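Read the structure below first, then the notes.
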Amino acid sequence: MFPPPFCPASQADERLAREGCAVLAPEATLAYLGQPLAALQALLPFWNDLPPDPHLKDGGRYRRRRHSCWMVEGESCQLQPHRAHWQSLDYNALHGGFERWFEPIAPAMATLPAWEAILRRLARSASHLRGTQPWAVEAHPFRIDTTDGIGRPTPEGAHRDGVDLVAVFLLARVGIKGGETRVFDADGPRGQRFTLTEPWSLLLLDDPRVIHEATPIQPLDAAAGGHRDTLVITLRSGGFQGPQPG
């Protein structure tokens, strides 16, 4: 496995602006967020209650998830009426172009002390890239498992999300191999590959500048199975993608 190109928390925003990608080790993630480990660990039990993704077009059963939206401006984090997740076919050729409805994030998770701190800090990074403004935030807790013998973190392949900032927190790797992260310049040959293995490692992406993917996972022991848990949060200027809820 290739090791991640970690940077200190103090350099995260500058690295992101300069290279389009910044990767933080767990200790740096804590410093970046200004949160103790115990506050982040309080989120973890909610990954044991993620419903199956009903929209996988490859027929798989390997992905569980929830989805909720906020508007973040300065210190204000406002939960939005529940809405579909939508991406255009330009950004997601496999699952784009239609409304995907998922169960919302549990209120008990979204009211934990660390939750709004995460959203506010990511909004500051997005504002460092694009200027201070309100941010449309979509949060996706994911569990990719090996129910089908293989699990695909990004079944659509290398892609962009159609947002300004993508944050991928690794929460757990249990009994698996694979799951290599690959990040490439959207308009050039430069790329890098590495595997996030430590819980609370964090990948930050300037979405218009890079494409990204994670390779499939397989179980170390087929009988025991395994899974990979992540929290993906995206921030977009100008509002959410797709049709507005009626």
Side-chain angles (χ1 to χ4, degrees), residues 4-7 9 11-24 29 32-33 65 67-74 77 80 83-100 118-140 142 152-170 180-194 196 201-215 230-244:
F6 290 133
C7 72
Q11 298 178 17
D13 287 339
E14 291 302 326
R15 178 77 64 88
L16 179 63
R18 185 176 67 249
E19 300 184 9
C21 172
V23 191
L24 305 184
T29 300
Y32 170 83
L33 296 174
R65 66 189 296 180
H67 169 251
S68 290
C69 298
W70 282 259
M71 287 300 302
V72 180
E73 183 173 12
C77 298
Q80 300 300 291
R83 58 180 296 126
H85 177 50
W86 189 92
Q87 293 173 295
S88 76
L89 288 166
D90 292 336
Y91 295 115
N92 191 329
L94 183 61
H95 295 118
F98 70 100
E99 294 186 351
R100 287 184 284 166
I118 292 171
L119 301 187
R120 286 193 292 264
R121 182 61 185 90
L122 292 173
R124 291 201 296 274
S125 288
S127 291
H128 187 268
L129 287 174
R130 305 284 186 265
T132 302
Q133 59 190 289
W135 292 102
V137 177
E138 297 191 54
H140 311 258
F142 284 105
R152 295 178 175 85
T154 54
E156 63 272 30
H159 66 285
R160 291 163 51 212
D161 287 337
V163 298
D164 288 277
L165 176 66
V166 177
V168 182
F169 295 85
L170 177 71
E180 180 183 79
T181 296
R182 298 174 178 177
V183 181
F184 307 96
D185 286 350
D187 298 313
R190 189 176 68 94
Q192 51 189 320
R193 51 191 292 200
F194 51 87
L196 299 176
S201 300
L202 170 60
L203 170 65
L204 298 170
L205 300 169
D206 183 351
D207 189 62
R209 293 175 55 192
V210 297
I211 58 175
H212 65 280
E213 66 176 334
T215 62
T230 58
L231 171 62
V232 177
I233 300 178
T234 66
L235 295 89
R236 185 175 187 268
S237 63
F240 298 99
Q241 298 183 79
Q244 298 299 312

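Here the structure is a predicted model, which means the values were calculated and not measured.
- Rounding to the nearest 0.5 Å places CG of L16 at 8.0 Å from CG of L205.
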Step by step, work out the side-chain contact (heavy atoms from CB on, under 4.5 Å) result for H128 and E14. CA-CA 9 Å; H128 187 268; E14 291 302 326; 3.1 Å; yes

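- Between the side chain of R209 and the backbone N or O of C21, no donor-acceptor pair lies under 3.5 Å.
- Scanning both residues, P208 and V163, for their nearest heavy atoms gives CD-O, 3.5 Å.
- The distance from the CG atom of L119 to the CG atom of L235 is 7.5 Å, given to the nearest 0.5 Å.
- Looking only at distances, no side-chain donor or acceptor of R182 sits under 3.5 Å from a matching main-chain atom of E213.
- Checking side-chain atoms of R120 against main-chain N and O of C77 turns up no donor-acceptor pair under 3.5 Å.
- The CG atom of L33 lies 7.0 Å from the CG atom of L122; values are rounded to the nearest 0.5 Å.
- With hydrogens and angles ignored, the 3.5 Å screen pairs a side-chain donor or acceptor of T215 with a backbone N or O of E180.
- Put simply, CH2 on W135 and OG1 on T234 are 11.0 Å apart, with the number rounded to the nearest 0.5 Å.
- A salt bridge links D206 and R130; the closest N-O separation between the charged side-chain nitrogens and carboxylate oxygens is under 4.0 Å.
- Between P5 and F194 the shortest heavy-atom distance is CD-CD2, 3.6 Å.
- Checked by atom type and distance alone, the side chain of D13 never pairs as donor or acceptor with a backbone atom of S125 at under 3.5 Å.
- Side-chain atoms of Q241 come within 3.5 Å of backbone atoms of D161 as a donor-acceptor pair (strictly under, hydrogens ignored).
- Annotation for V137 and F240: closest pair O-CE2, 3.5 Å, computed over non-hydrogen atoms.
- Rounded to the nearest 0.5 Å, atoms CG (D207) and CG (D164) are 8.0 Å apart.
- One N or O on the side chain of T154 and one on the backbone of A214 form a donor-acceptor pair closer than 3.5 Å.
- Between R190 atom CZ and E19 atom CD the span is 5.5 Å, to the nearest 0.5 Å.
- Nearest heavy atom pair, residue C7 against residue L24, reads O-CD2, 3.3 Å.
- In this structure, R160 and A186 approach most closely via the heavy-atom pair CD-CB, 4.3 Å.
- For F142, the ring pair (Phe, Tyr, Trp, His ring centres under 6.0 Å) partners two or more places apart in sequence, or in a different chain, are H140.
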Could you give me the CA-CA distance, side-chain angles and deciding distance for V210 and V166, then say whether side-chain contact (heavy atoms from CB on, under 4.5 Å) is met? CA-CA 10 Å; V210 297; V166 177; over 6 Å; no

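- Residues that satisfy the ring pair (Phe, Tyr, Trp, His ring centres under 6.0 Å) test with H212, not counting sequence neighbours, are H159.
- Contact between A22 and R15 at its shortest, heavy atoms only, is CB-CG, 3.9 Å.
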